[in-house]
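The structure under discussion appears below in the form of structure tokens.
In what follows, chains are A, B, ... by sequence order, proteins preceding strands, each numbered from 1.
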Protein chains: 2
Amino acid sequence: MTHIELFGFAAAILTSLSFFPQALLILRTGETAGISLVMYSMLTTGKVCWLTYGLLVTSWPLICANVVTLSLASLILTMTARGRLSKRSQTHPATA
Amino acid sequence: MTHIELFGFAAAILTSLSFFPQALLILRTGETAGISLVMYSMLTTGKVCWLTYGLLVTSWPLICANVVTLSLASLILTMTARGRLSKRSQTHPATA
């Protein structure tokens, strides 16, 4: 492996797995106050596009990397959206 | 432009710009409680590697996309680290 490829692999591994500690932090603490729903909506949609592109050009590195990040990004998106909804229902409870 | 390239461009634009609303949210509210410092440390290091890789293989799309994301990711990292430090100094004030 050349030093150029080494930078590429390190980059792919670090950026793909970076969402793992964020997902873990939310699962552990339930804290989603500072997280942007717009960011994770754009990121999840972007990852769906990358995955589609990877499938269309049959690029296994693109497919594998984006399956991992898409799973983590959509998990963070779901938990953040759930956090916002539960906060909203506490602020404006249904008056039956 | 083919429909395959369209997916690639949409993916690159969405994922690169997705960090913009997160940086804006922190600048507007100062809220960083739910944000993972480990995520943004890994992401910033990964983006430095992508940028180095882009420069080594002289890929302008890689260079441009990663200059944008690296700037946004390092801004979020700095603001989150500052938020943690200020919270820590409030919890354990210097007794000088």
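- When heavy atoms are compared at a cutoff of 4.5 Å, B/T45 approaches chain A by way of both its backbone and its side chain.
- The choice from A/L62, A/V38, A/T52 that makes the most heavy-atom pairs within less than 4.5 Å of chain B is A/T52.
- The minimum heavy-atom distance between B/L72 and B/S16, with the atom names listed, is CD1-O, 4.0 Å.
- Of all heavy-atom pairs spanning B/F19 and B/I76, the tightest one is O-CD1, 3.6 Å.
- Contact of A/A12 with chain B is made through backbone and side chain together, with heavy-atom distances under 4.5 Å.
- For a residue to count as touching a neighbouring chain, one of its non-hydrogen atoms must lie under 4.5 Å from one of that chain's; by this rule A/L25 touches chain B with the side chain only.
- Across all their heavy atoms, B/L75 and B/A23 have their closest contact at CD2-CB, 4.0 Å.
- Contacts with chain A were tallied for B/I26, B/L17, B/I35; B/I35 has the most, counting heavy-atom pairs under 4.5 Å.
- Listed here is the closest heavy atom pair of B/T80 and B/T32: CA-CG2, 3.9 Å.
- Between B/M42 and A/P21, the shortest heavy-atom distance links the atoms SD-CG, 4.0 Å.
- Both the backbone and the side chain of A/T15 come within less than 4.5 Å of a heavy atom in chain B.
- Only the side chain of B/Y40 comes within contact range of chain A, with at least one heavy atom under 4.5 Å from a heavy atom of that chain.
- The shortest heavy-atom contact between B/L43 and A/S18 is CD1-OG, 3.4 Å.
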